[in-house]
Amino acid sequence: MLASVCSATLHGVDGRPVRVEAHVSTGLPGFTVVGLPDATCREARDRVRAALLTSGLRWPTSKVTVNLQPPGLRKIGAGLDLAIAVALLVADEQLKPPEVLADRAFLGELGLDGSLRAVPGALPLIDALEAPEIVVPTPCVNEARLIDRHRIRAVDDLGALLPALRGESDWPDLPPRPPPVVPSPGPDLADVRGQRAARTALEIAAAGGHHILFVGPPGAGKSMLACRLPGLLPDLSGDDAMEATRIHSAAGLPMPGDGLVRRPPYRSPHHSASAVALIGGGTTAIHPGELSLAHRGVLFLDELGEFAPVVLDNLRQPLEEGTIRIARAAARAVLPARVLLVAAMNPCPCGRGGPPGACRCSAHARARYVRRLSGPLLDRFDLRVEVGRPDASELLAAAGGEPTDVVAERVKAARARAVARGVRVNADLPSWQIEEEAPLVDGARALVERALRGGRLTGRGLGGVRRVALTVADLLGDDPPISSRHVSLALALRAQPTFLAHQEAS
Amino acid sequence: VKAAAVGVELPCEAYAAALAGLPGMGPARLAAVLDTMSPACAWTKVRQGVPWREPAVVAALGPRGSEVVAGWRAAAAHAAVDLVWRGIVDAAVGVALRGRPGYPQALVDDIEPPALIFHRGAPEVLAQGARVAIVGTRKCTPTGKAVAFELGRELAAAGVSVVSGLAWGIDGAAHSGALAAEAAPPVGVVGSGLDVVYPANQHKLWHEVAQAGVLLAEAPLGARPERWRFPARNRIIAALADLVVVVESHSAGGSLHTVDEADRRSIDVMAVPGSVRNAAAAGTNALLAEGRAPVRDVDDVLVALGLSASTQRDGRESRPAPTEDDAVVLEAVGWQPSSFDQVALRVGIDLPTLAQSFERLLAAGWIVQHGAWYERIAQGDSRRSLP
């Protein structure tokens, strides 16, 4: 007999509907899965067999063929286990009538004891399904409820599922919605002593979405500053939260209690990361990379100079467009990747760097270090701040910095001004809109001209400086036009890294 | 001897140049070989692979002498002296052989005179006037560079030739200054062959020094800038100088080697004082602590040379005076490289205002920016003519 069940599989960060067909017929006993399953999916046979037997059901002693349709799409993971089991039970006539499958979809991995286990990517999978009623494992119920198109049924095991399907018992009650999780406050900006320029740059980066590069010797506090950036960002809005949740769900990251990622994500991959780990990819199934996992949040690349240059250059196009288009022979996918990039690096291989004359690296070693960072990538950083190890006396004299929540309030207000302009943040402001939204007063124009003539600023850097200057004005509560105060600060916070200046000047 | 024409009869400089081009032929070995016999005889001996028995040559060859001699023989078998000589003629390079006319008088009595020296430009300039070597680190501060530039310019204007190594940093700045004065001819001593410009982006400076003065090299044409060639080069710089001035040096570095060479020749060494926080001045400050004379300005050097101090120095300040607020910022920048952040901590005014002050001071020439670092400078005019 034949049965057909709706389910879904992951493709990149999106779900794709899959129809599971089971056919039980006379013939030599055997069980075949066809329709491009991956290794995990193929192993469903053994999990389903054990689950049926431990749940007191029969394993058919006839020829069973399971077809996963559409056959051209690679099916990954164990999420189809439940659908295969249900299709098999109906085809084997252990579950009657066949109408129980109508208007229902099934998602879930089976344990050998018949229990239902969570599947990664529950949110995008459910989003891909059109069936009015969806059966999911209980641990996935919070994610499932984020989409209210469907009626959600949550069950713990096969033993509870079958009576409910047959109508012999009621569906188990859904667990109550957990209250929204109040995320634990991250590290506070008040812990950072001194570093006025770096703190201001961090505030500007948070308010305007400008990528930021910290250059400084080891122990100067670059990482300490970077990990305080997410705390300055406001909660994600509804759509942004949903986008981030979909990606985190698809990647199988631990989800917050109520299922929705409300805080901007923060990802800091180690510098040994491969291009695929950072950008996403894979030969058959496409997995999101760190760049996508940080979507709508912060991507921190520590020791930027130690990343393989070819890996870094992969970042250029996604940073510009906010999406990554991955194409492989067997699959293609578009992954979202709109991040705030924070990078930190030592000023030179010896790390002493800092003021001119202090570094003892050979010219050759320094030139090699500089070559690791391509000019086009450097151009993406509108804020470049030299972070020095403060003198002990300066450290003690420095006033205690403002705490995160005070700065975050200003960031929120500045972001609201950007939204009024029709963009999410000032960094997204298209070039043609800059002159309109952020005209320069004469003094400011003269400053910019001098910087351009003196070679301090490139034509490409000009747009960056004007956007940053607009964010500075937003933070100070000043209305356009942009004055020389705003432009001066934007220029001061966009210094050419000293190791590059060495090169040209000597 | 200026390589003017290629006749049938090759001059002995041609054989000497061919010997200098052999692999493993450093200054000491070449000097030992040429002390024992004429270049032409030595060349024949090398080609025939006759073992060397002269004690001076054996000592210079060291324990693995037979391998070196075998290497010479193999290389000499493929080398043609007339082609080497033609290459030298075509490159407009002259060759001076010790003991022959045209060899610089300044090097004749040296304790380690180069057996052979290649020159481009006018070697006659070595016979006239006083010479001061200005040396220092390649990794210098903008202040160090400006000081080297000013010293070079004012010494040249006072008729003193500047001797230096054409490297990045202090060396190059000193020669740029000397060239800017358009007075006394500069003398450049390089470590590589005269046709191998190193560092490659000093091409313009090489050309200008050879035009205005003379460029010297002990290495044969085509020699790469190998590490061991630079200490040898430093000894020639010291040997040519009447006085050595170190502008900025780290606690260890090539310029201190030049100081050692100057000490061996009893040539006076002076040093420019630097901030105790400036790592690039650690070496020069140590020299001062040893009791060397400090260089505060060009007059200190001229007096040490026994020349009268220059009188026509322009001490007027041409830059517009900073406003009261800007003066506070300028004071906070101080006389060593400071970052924006350091100044912000010292001054305590809000950052946009501070950034505005920086822009005004930069525009007026009171401070210079080097990457993310700002430094106060004393004389507004010299920086503008720096390359």
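Naming convention: chains lettered A, B, ... in sequence-line order (proteins, then strands); numbering from 1 in each chain. When reading the values below, keep in mind they use all heavy atoms of this one structure, side chains included, and skip hydrogens, waters and symmetry mates.
Note on B/N278, B/T137, B/L354, B/D350: by heavy-atom pairs under 4.5 Å with chain A, the leading option is B/D350. In terms of non-hydrogen atom pairs under 4.5 Å with chain A, the most contact-rich of B/A167, B/A344, B/S339 is B/A344. Between chain A and the options B/A252, B/G253, B/S357, B/P199, heavy-atom pairs under 4.5 Å are most frequent for B/A252.
Chain B is approached within less than 4.5 Å, heavy atom to heavy atom, by A/L447, A/R450 from residues 439-451 of chain A, ordered by number.
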Original post:
Stepwise, does the side chain to side chain donor-acceptor pair (under 3.5 Å) test hold for B/T323 with B/R360?
Top reply: CA-CA 10 Å; B/T323 65; B/R360 280 193 296 267; 4.9 Å; no
Original post:
Where do B/W373 and A/E386 land on the side chain to side chain donor-acceptor pair (under 3.5 Å) test, with the steps shown first?
Top reply: CA-CA 8 Å; B/W373 296 83; A/E386 195 107 356; 3.1 Å; yes
Subject >> Derivation of the side chain to side chain contact (heavy atoms under 4.5 Å, CB included) call for B/V247 and B/T284 >> reply: CA-CA 7 Å; B/V247 175; B/T284 36; over 6 Å; no
**OP:** Output, in order, the C-alpha distance, side-chain angles, deciding distance and verdict of side chain to side chain donor-acceptor pair (under 3.5 Å) for B/E248 and B/T141.
**Re:** CA-CA 8 Å; B/E248 255 182 359; B/T141 64; 2.7 Å; yes
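For B/L362, the parts sitting under 4.5 Å from any heavy atom of chain A are the backbone and the side chain alike. In this structure, chain A has heavy atoms under 4.5 Å from both the backbone and the side chain of B/T353. For chain B, the nearby part of A/R456 is the side chain; its heavy atoms alone come within less than 4.5 Å.
Only one option out of B/T258, B/V272, B/L287, B/I170 pairs with B/V246 in a side chain to side chain contact (heavy atoms under 4.5 Å, CB included); it is B/L287.
Rounding to the nearest 0.5 angstrom, the gap separating the CZ atom in B/F340 from the CG atom in B/L345 is 11.0 Å. The structure places CG of A/L213 at 12.0 Å from NE2 of A/H211, a figure rounded to the nearest 0.5 Å.
When only modelled atom types and interatomic distance are considered, B/R346 and B/S338 share a side-chain donor-acceptor pair under 3.5 Å.
Looking only at side-chain heavy atoms (C-beta outward), A/V215 and A/V385 stay at 4.5 Å or farther from each other.
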